[in-house]
Amino acid sequence: MANTPLVGIIMGSDSDLPIMQAAADMLTHFNVPFELTVVSAHRTPLRMVDYAKTAKDRGLKVIIAGAGGAAHLPGMVASITTLPVIGVPIKSSNSIDGWDSVLSILQMPNGIPVATVALNAAKNAGILAATILGSFDAELSEALQAYKNQLNDEVLIKVDKLKTTWPNSFDK
Ligand code: RP5
């Protein structure tokens, strides 16, 4: 894959980075080039508009946007660009238990979808971005299948381990 970023990871604040790092880690794992920066819907609204407006022409294919509290960033970016936007609700210091972030990102009005992952689930956002790109890239698709196979094998190892302590466990 060329080195031009295909995925843009943006977040409302650098305080979101410890969570959003997991998206970057998964894209690195799948060898997907990405860019990462802070774009705040409320504090840098013009930067947000500029980022979303130029994203497609700069070669991005998917945007991952994380934010907490009154989390408008993913929805606003989705309203400006035709690229798919994956939203990561973050349980931030200004969040009321994470529900505000989840609902702000999840409950988009008809016409402007945001693919919302679970609270703090930046890892899944990275995997989902790779999955979208994998629909058009056989090598990436194979890497995603290998990842799923690995998850499967890890569970089967746990099943075997459980059998040693629970002989009455399901044995198929
Ligand atoms: C949101 O406010 C950010 O996405 C972050 O989750 C939250 C708190 O930001 P800081 O006050 O830590 O910069 O816009």
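Just follow the structure's listing: the first ligand is 1, and inside any ligand the first atom is 1.
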Q) To which protein heavy atom is atom 3 (C) of ligand 1 closest, and what is the distance rounded to 0.1 Å? A) Asp16 OD2, 3.4 Å
(Q) Between Lys91 and Asp97, does the salt bridge (charged side-chain N to carboxylate O under 4.0 Å, His left out) criterion hold? Intermediate values first, please. (A) CA-CA 6 Å; Lys91 187 176 171 183; Asp97 220 20; 3.4 Å; yes
Q: For Asn110, look at atom CG and say whether over 12 heavy atoms of other residues, nucleotides or ligands are found less than 6.0 Å away.
A: no
Q.
Does only the side chain of Asn94 get under 4.0 Å from ligand 1, or the backbone, or both, or neither? Count heavy atoms.
A. side chain
**Q.** Under 4.0 Å to a heavy atom of Arg43 - the qualifying atoms of ligand 1, by number
**A.** 9 (O), 10 (P), 11 (O), 13 (O)
**Q.** Residue portion contacting ligand 1 (non-hydrogen atoms closer than 4.0 Å) for Ser15
**A.** side chain
Q) Under 3.5 Å between some N or O of ligand 1 and some N or O of Ser13? A) yes
Q) Should you measure from each heavy atom of Ser92, which atoms of ligand 1 turn up under 4.0 Å away? A) 6 (O), 7 (C)
Q | Heteroatom proximity flag, Gly68 to ligand 1, N/O under 3.5 Å | A | yes
Q | Spacing of CD belonging to Gln145 relative to CG belonging to Asn152, to within rounding of 0.5 Å | A | 9.5 Å
(Q) With heavy-atom distances below 4.0 Å as the criterion, list the atoms of ligand 1 near Ala67. (A) 4 (O)
(Q) Just verifying a value: how many Å separate Ser79 OG and Ile112 CD1, rounded to the nearest 0.5 Å? (A) 6.0 Å
Q) Using a distance-only test with no angle check, is there a side-chain donor-acceptor pair under 3.5 angstrom linking Thr82 and Lys56? A) yes
(Q) Is it the case that the side chains of Tyr147 and Glu142 hold a donor-acceptor pair, with the cut-off being a distance below 3.5 Å and no angle test? (A) no
